[in-house]
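Below is one structure; the comments refer to it alone.
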Amino acid sequence: MDVVIFAAGKSTRTHPLTLTRPKPLLPIVNKPLLQHQLEALSGVTDRVFLVVGYRQEMIRERFGASFGGIRIEYVEQTEQKGTGHALLQCEGSVRGSFLAMNGDDLYAAEDLRALAAFHGQAALTKQVEDPRLYGVYTVGPDGKALSVVEKPEKPESDLASVGAYKFTDGVFDLIRSAGPTERGEFEIVTPIQMLIERGQFYVLRAKGYWLPIGYPWHLLNANEYFLEHFFEERNDGEVRPGAYISGKVSIGKGTVIKPGSVIEGPVIIGDNCTIGPNCWLRPGATIGNGCNVGQGVEVKNSIVMDGAKLPHLTYVGDSIIGASANLGCGTITANFRHDGKDHSSMIKGQLIDTGRRKFGAVIGDHVHTGIHTSIYPGRKLWPNTSTLPGEVVHRDKET
């Protein structure tokens, strides 16, 4: 069965991380998001149509023509005009029944297998606490969808669409006949509504995990989940005398753990890293390839991307550090409010509740911080920006 993955968007809500890479390449436990999706599709399909657009050359270079026995065919969406428009780009390529899924959500393999095996056209759904944020389905006793409403103010159920569907190739005619919305976009919900009216669309409830990646802090949520449920211990590096390791830890090839380092798992360290001396990697620390975590540095429940340098006397907590960033001596990421309330972060001019009591900084690629930089919780630094010695970052820094 063919699978279509939507991966063409610019993902502005995950800035500054997606200013320098497409969202499918954002790392979770040191693997790109798209890799997790392809691994979950093992045994479901032998061919994926990847709808690409923004920075597509990076995806093509990373994954090439195949992954894990799955052939990858790239379909370019030159203009992003909605999910229905993205699906239309695959007309004439997919065969018979097929799956279509968001490129920025993580699904349990068991649910994708169940969706593929389902007898009719269907949407995968999940019960959620606040359905107002999603497309919401009502369903009859026979499993047929009765309605779908996008972000309703008064939801009639708690079954949210998770962005994974099974269609037949007849859906393309429905998308065209429905035409664009007032915004000029072709939405996938429109042909679904038409199928519901005909009694030809079903709702399938997910039993496993669903991890949407809509905002930067969702990477931390997914990273925490994978560390807890899918951790693979290994030690392919060099642990020198005087280092202390406890719990589940993964150490990559060419990595050196120097004396005085304390590592409390779950912790993942990539290849060719230098860790220590005298540093503390606390649970949840995920260190990419080619990183340096040095003297007196503490990292807790954070994602540190490839090539980042944290050389001296720095605290990184519940944060995301971009590739090749360099944090000056004494850089501190604050991650807890004095009143204990959840943190908020500014997204496209709107303050968004992260739902996290612990949330630090989001630092883009190639950022350099000056010595003794202090960063307020939830603040973001754009790629290639820098701070002055002693600077206090109390607002997002875009220039």
Side-chain angles (χ1 to χ4, degrees), residues 1-7 9 37 40-41 44-45 48-49 51 82-91 94-152 155-178 181 185-214:
M1 176 175 290
D2 290 335
V3 176
V4 175
I5 299 178
F6 306 130
Q37 291 182 316
L41 287 167
V44 172
T45 183
V48 163
F49 290 91
V51 183
T83 48
H85 181 261
L87 192 56
L88 275 176
Q89 310 311 302
C90 300
E91 185 176 16
V94 296
R95 304 167 298 199
S97 295
F98 64 94
L99 300 189
M101 51 192 275
N102 291 340
D104 54 2
D105 292 64
L106 296 173
Y107 308 98
E110 63 187 279
D111 290 322
L112 295 178
R113 287 194 294 267
L115 184 61
F118 192 71
H119 59 81
Q121 300 183 85
L124 194 63
T125 63
K126 188 81 172 177
Q127 290 181 295
V128 296
E129 290 185 3
D130 190 356
R132 295 173 300 173
L133 304 175
Y134 307 97
V136 176
Y137 284 89
T138 56
V139 59
D142 57 356
K144 284 185 180 179
L146 301 178
S147 67
V148 57
V149 181
E150 286 294 315
K151 299 181 179 179
E156 295 185 13
S157 87
D158 60 356
L159 287 178
S161 172
V162 302
Y165 314 93
K166 184 179 181 181
F167 294 116
T168 68
D169 50 17
V171 73
F172 299 113
D173 289 335
L174 295 179
I175 295 171
R176 273 195 308 273
S177 65
T181 64
E185 296 186 349
F186 292 81
E187 298 293 352
I188 206 166
V189 70
T190 308
I192 289 174
Q193 289 170 329
M194 298 168 74
L195 289 169
I196 289 174
E197 291 172 2
R198 299 177 183 180
Q200 298 175 350
F201 201 74
Y202 293 81
V203 169
L204 195 64
R205 302 188 187 208
K207 296 180 179 178
Y209 65 83
W210 168 52
L211 301 169
I213 310 297

Practice task
Verify whether one side chain among S157 and T138 offers a donor that lies under 3.5 Å from an acceptor in the other.
Solution key: no
Exercise for the section: Mark yes when over 12 heavy atoms from residues, nucleotides or ligands other than R176 sit less than 6.0 Å from its CZ; otherwise mark no. Expected result: yes
Problem - Neighbour count above 12 (heavy atom, 6.0 Å) for E156 CD - result: no
Handout entry: Whether Q121 side chain and T168 backbone form a donor-acceptor pair below 3.5 Å
Key = yes
Handout entry: Note, L204 side chain near K166 side chain (heavy atom, < 4.5 Å)
Key = no
Problem - Distance, nearest 0.5 Å, that separates CD of Q89 from CZ of F172 - result: 10.0 Å
Fill in the blank from the handout: What one should report as the nearest heavy-atom pair of S97 and M1 is O-CG, 3.6 Å
Practice task
Go through T125 and Y134 one step at a time and tell me if the side chain to side chain contact (heavy atoms under 4.5 Å, CB included) criterion holds.
Solution key: CA-CA 10 Å; T125 63; Y134 307 97; over 6 Å; no
Fill in the blank from the handout: CG of D158 to CD of E129, rounded to nearest 0.5 Å, is 10.0 Å
Exercise for the section: Grab the two heavy atoms, one from A109 and one from A40, that are nearest each other, plus how far apart they are. Expected result: CB-O, 3.5 Å
Completion exercise
Rounding to 0.5 Å, atoms CG (L195) and CZ (F201) come to a distance of 6.5 Å
Problem - Exercise: identify the closest heavy-atom pair between L87 and A100 - result: CD1-CB, 4.2 Å
Handout entry: Interatomic distance, I213 atom CD1 to D105 atom CG [nearest 0.5 angstrom]
Key = 7.5 Å
Completion exercise
Correct closest heavy-atom pair for T190 and A178 would be CG2-CB, 3.3 Å
Handout entry: Contact summary for A116 and V44, nearest pair of heavy atoms
Key = CB-CG1, 3.8 Å
Problem - Validation row: R95, D169 side chains within 4.5 angstrom (heavy atoms) - result: no
Practice task
Please lay out, stage by stage, how L41 and M101 fare under the test side chain to side chain contact (heavy atoms under 4.5 Å, CB included).
Solution key: CA-CA 11 Å; L41 287 167; M101 51 192 275; 4.1 Å; yes
Practice task
Determine yes or no for a side-chain-to-main-chain donor-acceptor pair under 3.5 angstrom, with K126 supplying the side chain and W210 the backbone.
Solution key: no
Problem - Any donor-acceptor N/O pair, D2 side chain to F98 backbone, under 3.5 Å - result: no
Exercise for the section: Find the distance between CG (L112) and OG1 (T45) and round it off to the nearest 0.5 Å. Expected result: 11.0 Å
Exercise for the section: Look at the side chain of N102 and the backbone N and O of D104, then say whether any donor-acceptor pair between them is shorter than 3.5 Å. Expected result: no
Problem - Test item: Y107 side-chain N/O and G163 main-chain N/O as donor-acceptor pair under 3.5 Å - result: yes
Exercise for the section: Any chance you could lay out the side chain to side chain contact (heavy atoms under 4.5 Å, CB included) test for V139 and K144, step after step, and finish with the verdict? Expected result: CA-CA 6 Å; V139 59; K144 284 185 180 179; 5.9 Å; no
Exercise for the section: Supply the atom-to-atom distance F186 CZ to T83 OG1, rounded to the nearest 0.5 angstrom. Expected result: 11.5 Å
Practice task
Might you work through the side chain to side chain contact (heavy atoms under 4.5 Å, CB included) test for F167 and I188, ending with a clear yes or no?
Solution key: CA-CA 11 Å; F167 294 116; I188 206 166; 3.7 Å; yes
Problem - Heavy-atom closest pair, residues Y137 and S161 - result: CE1-CB, 3.6 Å
